[in-house]
Amino acid sequence: MSPTEATSDFEAVSETSLSKRERYRQTLDEQVLAPLRIVWSDWRARIALFVLSIFLLMGTVGVMLVPEPSPNQGPALVGAFRTLEHPFGTTYSGHSILSQLVHATPPMLKMITAGAVFTVVLGTAIGTVSGYKGGAVDGVLMTLTDVALTIPGLPLIIVLAGALQGSLSGNPYVIGLLLSVNAWAGLARAIRSQVLTLRDAEYVEASRILGVPTAEIISKDIVPNLMPYVTMNFVQQARAVIFGSVALYFIGILPYDSVNWGVMMNSAQSQAGAVSSPEAFHWLLVPMLAVVLLSLGLTLFAQAADRLFNPRVRARHTKTTPDEQHEDDEPDEPTPARMIR
Amino acid sequence: MNYIVKRTAQAVFTVFAVITLSFVIIRLLPGGPADYLRAQLIQRSGGSLTQEQINQRIASQTNIAVDEPLYVQYVDYMASILRGDFGTSVWYSNEPVIAVLGPAIPWTVFLMATSLFIAFVLGVTLGAFMAYREGSGFDVGSTGVSLLTNSVPYYVIALLLLTFLGYRMELFPTGGQYASETTPGLNLEFVLSALHHGALPILSLVLASFGGWALNMRGNSIRVLGEDYLRVARLRGLPERRIALRYVGRNAILPMYTGLLIAIGFMFGGSIILEEIFAYPGVGYYMIQAINARDYPVMMGAFILITVAVTIGVFIADVTYGWIDPRAEGGGTRESY
Amino acid sequence: MATTERLTATESTADTILRVRDATVSFEMDRGTARVLNGVDLDVKRREILGVVGESGSGKSMLASAMLDAVEEPGRLTGEIIYYPEEGEPVDVLNLSKAELKRLRWEEISMVFQGALSSFNPTMSVRGHFTETLRAHDADVEAGMERARELLSDLYLDPERVLDSYPHELSGGMSQRALIALSLVLEPNVLVMDEPTAALDLLMQRSILALLSDLQEKYDLTVVFITHDLPLVAGLADRLAVMYAFELVERGPAAELIRDAAHPYTRALLKAVPNLDAPLSTMRSIEGSAPDPVNIPDGCSYASRCPLADDQCLREDPGGYGAGPEHPVSCHHWRRADEAVPFETEVGE
């Protein structure tokens with residue numbers, strides 16, 4: 001193995017002296033540009049990035065451009081796509097649905113972030129510790145995980161929301177956490193079994209023999225290999241938070257302090273009977289379309305991200321390293337040269 | 001057998017943990033049910049009830065005797081739940097919780113089991129055909145449709161179905177479990193009416209979940225189709241039918257069995273929202289009613305019932321997996337030569 | 001073309017059981033048509049053990065599949081393969097109906113693959129594999145299972161225990177032997193084995209080879225044993241055929257070929273294998289790599305790696321020269337091969 005090749009994943013000390021600049025360039029290429037190239041080469045990813053950017057823009061720039069929703073912005077129950085002023089129509093009390101839609105985006109993004117980050121951090125922490133420590137710690141953590149895995153998420157969330165009715169605030173971060181209360185369990189299990197395999201892998205064994213501290217082994221040798229699981233679960237939980245929050249706002253059991261897509265659907269149904277009356281249907285439809293579009297974006301993103309972690313695909317898109325690897329007789333990882341054969 | 005013992009212990013422990021959790025939620029959450037009920041009683045009675053009477057009322061509703069030491073409250077609560085005593089409803093004029101929820105259980109199980117079965121069979125069949133015609137227009141189209149339907153939440157589908165098939169075209173009823181003029185029992189009229197009322201909720205769940213099964217089955221089948229044992233089976237002259245069922249089908253479906261475990265929980269969660277949308281008086285419907293009416297005993301009862309149902313479902317699926325997949329047990333006893 | 005000498009290389013066909021002529025497997029790629037088996041001629045003789053030796057990727061698995069007309073999509077097999085049963089008309093393997101092909105496979109010509117574990121359905125017991133095979137061929141299941149038990153015993157396996165097991169419960173050596181038994185359950189005459197011992201340890205390889213030799217005698221089998229491991233088959237096979245770059249470059253009686261290999265590639269192969277008797281310094285790996293199946297070069301395909309290569313080799317395809325009465329070789333310079341690639345002396349480079 002040529003010494004330079006080792007830099008790719010494990011950041012081993014390189015014996016050949018690359019200039020600092022060269023090394024930055026290489027890191028940039030491997031860590032940032034190659035993933036971007038892979039993502040861009042896939043049509044699903046392009047659609048996904050497009051959709052997700054729309055929502056990000058809506059949540060950041062959009063709120064500055066579109067006026068805040070207020071009663072009597074227009075006449076009551078204007079249909080969608082009728083006027084330029086209110087492209088998505090208006091509500092029973094004359095709110096512009098576009099305004100509501102856009103101003104509901106930032107809390108939604110906060111909720112998603114809180115829920116997904118919480119899930120990923122807790123799941124990774126529990127899974128890693130459980131797999132790495134083993135013994136009694138493992139036993140206790142995995143029993144807990146199995147219980148959390150069996151308890152159906154939505155009923156638990158509903159019960160907690162119901163029981164906390166008095167004290168729960170509408171803070172989107174808090175709602176995000178509540179909606180992810182037991183979502184970490186699946187990830188913890190997956191991470192644990194990965195860690196168990198990795199723990200006995202030769203290069204981890206080598207680090208241990210060299211006296212590298214446990215914390216460093218976990219962060220340098222093990223965590224990078226868990227990234228695919230973490231990313232997938234992040235996206236999955238983001239979707240779950242969207243689905244769950246909109247559902248619970250729609251049936252009216254979550255507190256809120258700002259407009260939300262689910263709240264819009266709830267009002268459409270309770271104030272104007274949108275399900276049975278065609279004049280109000282757009283009020284219900286527009287937030288539903290937003291949910292579907294965002295969720296579709298995340299699904300496609302997850303599919304594309306899957307390719308991101310496939311080492312074969314990845315190597316094909318890295319520009320700086322292949323030239324060195326060509327001279328290598330027995331590359332450990334699939335290299336372009338090997339794949340052509 | 002050891003495996004079954006282990007699994008049983010795990011299921012029992014889960015039920016135990018859920019009841020404990022429910023106790024914590026009722027008793028220990030600040031501003032939670034116990035506190036709320038007390039405040040309600042004091043307010044309603046205008047101070048005419050003594051502390052003791054209030055405690056008694058709370059005890060009969062929630063099975064938690066608040067004036068006892070905490071551990072006694074816990075043990076008593078656990079014991080009464082295990083006896084099937086879930087306390088009494090606040091909203092439904094002090095009826096026992098089990099009398100409110102009991103009749104609703106079969107309806108929820110009916111919805112869930114039917115949707116799960118239809119979605120699974122439909123998804124698996126579609127996925128298998130997609131795999132056999134990998135790369136064809138049919139495959140690409142079906143993959144697209146599966147991806148799309150998989151991204152639409154079941155309640156969005158439910159609302160669309162309710163709007164168009166229920167209200168606009170009036171093809172299906174928009175609420176209830178069966179027409180009031182039929183008499184419940186094993187008669188054709190009643191069964192048809194029950195199916196008619198259940199059709200939209202079931203269709204919502206099926207449409208939202210078959211795509212996931214199909215994509216899963218497609219991937220698994222494509223993997224199995226490339227396996228050596230399939231080639232050997234063909235060389236041995238086995239009939240295509242046997243290869244499709246016993247080789248491709250079985251080996252592709254088995255890994256999805258664990259997915260069923262997750263689906264059971266997901267479906268029961270979904271039932272709460274769906275029953276609310278379709279005004280379908282199942283367990284979930286009463287749960288939401290209870291939350292809105294702050295009828296905590298019914299709410300907690302519904303939660304425990306749903307969770308226990310899921311635990312049993314997962315347990316059955318887990319244990320039967322050992323029977324249908326020879327590799328599930330004794331994987332470590334591989335002999336060396 | 002060297003037509004004069006080619007005739008001398010024709011083998012007698014009297015006791016031939018399987019005759020392969022101009023067998024070619026090609027498939028379309030983006031870059032052009034790839035030929036992964038290129039005009040192979042081969043006669044398999046009744047009741048012999050024929051060893052086919054070649055590097056991985058030389059096309060030897062394709063040759064094995066071709067003998068049962070079992071080349072997988074998108075590969076296309078052309079040429080002629082004739083099977084001569086002991087009694088009755090010769091069978092044109094490549095022009096059979098579906099039903100006839102089904103009867104040929106497993107009942108007349110059977111096959112064992114590398115990696116027995118992956119040849120079994122993981123969710124079916126070993127017994128299930130035997131009974132379904134018997135049923136698929138309308139054989140008497142009772143009698144067939146009796147034979148299966150006998151075969152398993154012949155292979156030093158406990159029949160009942162193995163039949164009741166699932167594939168994952170068997171060790172590598174056990175499953176490989178069970179697969180051999182499965183391939184013989186319909187009493188075929190020819191057994192084609194594609195690297196049947198590659199995944200096993202040395203001891204298990206040797207013992208399976210010994211058992212194979214016994215089986216061959218007991219059941220009057222013709223065995224085609226395909227491997228990358230020349231010394232492994234050298235002791236077992238009656239005749240050897242050497243493949244290089246999708247073609248057969250040399251074939252002949254095993255002893256003669258080992259002693260007096262006429263093709264520089266065969267000689268290089270023999271030199272490359274670890275031999276306990278030979279000093280380490282005489283062992284060499286073969287330099288260079290096999291050609292691309294899409295652009296098979298004009299002339300000899302081994303020319304780029306051959307120490308004897310000259311203009312003629314690059315220009316003309318070496319036809320069949322006769323290094324002995326039953327020993328055809330595809331090399332213009334076969335007479336000088338022993339000087340160019342000597343066995344025991346050091347190559348000073």
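Just so we're on the same page: letters track the sequence lines, and every chain starts at 1.
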Got a sec: does the [atom1] of [X] have more than 12 other heavy atoms crowding it under 6.0 Å?
{"X": "B:F129", "atom1": "CZ", "result": "no"}
{"X": "C:Y156", "atom1": "OH", "result": "no"}
{"X": "B:F117", "atom1": "CZ", "result": "no"}

For [X] and [Y], which heavy atoms make the closest approach, and how far apart are they?
{"X": "B:Y229", "Y": "C:P122", "result": "CE2-CD, 3.3 Å"}
{"X": "B:R231", "Y": "C:S65", "result": "NH2-OG, 2.8 Å"}
{"X": "B:L235", "Y": "C:W106", "result": "O-CE3, 3.9 Å"}
{"X": "C:A136", "Y": "B:P239", "result": "CB-CD, 4.1 Å"}

* Part of C:F113 within contact of chain B (heavy atom distance under 4.5 Å) ->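 When you check distances to chain B, only side chain atoms of C:F113 fall under 4.5 Å.
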* Answer with side chain, backbone, both or neither: which region of C:L182 has an atom nearer than 4.5 Å to a non-hydrogen atom of chain B? =>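 For C:L182, side-chain heavy atoms alone lie under 4.5 Å from chain B.
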* To do: Under 4.5 Å, heavy atom to heavy atom: which of residues 89-104 of chain C reach chain B? Give them by number, or say none.
  =>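 Heavy-atom contacts from residues 89-104 of chain C to chain B are C:K102.
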* Measuring heavy-atom distances to chain C, does B:R246 have an atom under 4.5 Å in its side chain, in its backbone, in both, or in neither? ->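 Interface part for B:R246: both.
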* **B:L254 versus chain C, the contacting section by heavy-atom distance below 4.5 Å** =>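 Just its side chain gets close to chain C.
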* Between C:T123 and B:N251: side-chain donor-acceptor atoms closer than 3.5 Å ->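 C:T123 vs B:N251: donor-acceptor pair found between side chains.
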* When only pairs under 4.5 Å are counted, which of C:E107, C:H129, C:R135 shares the most heavy-atom pairs with chain B? ->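 Among C:E107, C:H129, C:R135, the one with the most close pairs to chain B is C:H129.
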* Would you call B:R236 and C:E132 a salt bridge, using N to O less than 4.0 angstrom? ->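 So B:R236 pairs with C:E132 through a salt bridge.
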* **B:E227 side, atom CD; C:N121 side, atom CG - distance, nearest 0.5 Å** =>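 Here the interatomic distance stands at 9.5 Å.
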